[in-house]
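Written out below as structure tokens is the structure these notes cover.
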Amino acid sequence: QIQLLESGGGLVQSGGSLRLSCTPSGRAASSYALGWFRQAPGKEREFVATIRRSGGSPYYADSLKGRFTISVDSAKNTMYLQMDSLKPEDTAIYYCAAATRAYYKGRYYYTVGDEYDYWGRGTQVTVDY
């Protein structure tokens, strides 16, 4: 049973934009928070951005602030990651994740993988020079 379904990846030229989508289902649909992570070839998975389903300010990896925007459309039950001014170093598989536990470990924002309970299969983003 697919809990999180990502879409929107693809090939884009440097400086271009892409918008990723993530639609949760099942238990993931009632998650406390949603997030995006990415993993580039030969590198560890890294946090990108997170947002709580109840609202409030999103939280970003410092290196991505100003270029990436995370949002949730509750009516469509979909989370988005708008990526602008893309660079070749943004090339990676992007994963959507859902956390069901509120204030897990006393944290307000979830930036670590093990804080999330459900993961999508990932969508490839390739930024060409």
Can you tell me how far the [atom1] atom of [X] sits from the [atom2] atom of [Y], to the nearest 0.5 Å?
{"X": "L86", "Y": "Q13", "atom1": "CG", "atom2": "CD", "value": "11.5 Å"}
{"X": "I93", "Y": "T123", "atom1": "CD1", "atom2": "OG1", "value": "9.0 Å"}
{"X": "S71", "Y": "R19", "atom1": "OG", "atom2": "CZ", "value": "7.5 Å"}
{"X": "T91", "Y": "Q124", "atom1": "OG1", "atom2": "CD", "value": "7.0 Å"}
{"X": "S74", "Y": "M79", "atom1": "OG", "atom2": "CE", "value": "12.0 Å"}

Sorted by chain and residue number, the side-chain hydrogen bond (donor to acceptor under 3.5 Å, both in side chains) partners of S17 (sequence neighbours excluded) come out as D84
Partners of D114 by salt bridge (charged side-chain N to carboxylate O under 4.0 Å, His left out), sequence neighbours excluded? K105
Taking salt bridge (charged side-chain N to carboxylate O under 4.0 Å, His left out) as the test, write out the residues that go with K76, two or more places apart. none
Does anything in residues 67-102 form a disulfide (SG to SG under 2.5 Å)? List the pairs, not counting sequence neighbours. C22-C96
Which atom pair, heavy atoms only, marks the closest approach of [X] to [Y]?
{"X": "S14", "Y": "P88", "result": "OG-CD, 3.8 Å"}
{"X": "M83", "Y": "L20", "result": "CE-CG, 3.8 Å"}
{"X": "F68", "Y": "V48", "result": "CD2-CG1, 3.7 Å"}

Donor-acceptor pair, Y110 side chain versus Y103 backbone, under 3.5 Å? yes
Might you confirm whether atom CD of E89 has over 12 heavy atoms from other residues, nucleotides or ligands at distances under 6.0 Å? yes
Evaluate whether atom CZ of R27 has more than 12 neighbouring non-hydrogen atoms of other residues, nucleotides or ligands under 6.0 angstrom away. no
Common cluster, V72/L18, ILVMFWY with side-chain heavy-atom separation under 4.5 Å: yes
Which of parallel (below 30°), tilted (30 to 60°) and perpendicular (above 60°) describes Y95 and W119? perpendicular
If you look only at distance, which donor and acceptor atoms sit under 3.5 Å apart when one is on a side chain in residues 55-65 and the other is two or more places apart or in another chain?
from, atom 1, to, atom 2, distance (Å)
Y60, OH, I70, N, 2.9
D62, OD1, K65, NZ, 3.2

pair Y116-L4: side-chain heavy atoms closer than 4.5 Å: no
Evaluate the side-chain proximity of S30 to T100: yes if any heavy-atom separation is below 4.5 Å, no if none is. no
For residues 32-41, which side-chain donor-acceptor pairs fall under 3.5 Å, sequence neighbours excluded?
from, atom 1, to, atom 2, distance (Å)
R38, NE, E46, OE2, 2.5
R38, NH1, D90, OD1, 2.9
R38, NH1, Y94, OH, 2.9
R38, NH2, E46, OE2, 3.0
Q39, NE2, K43, O, 3.1

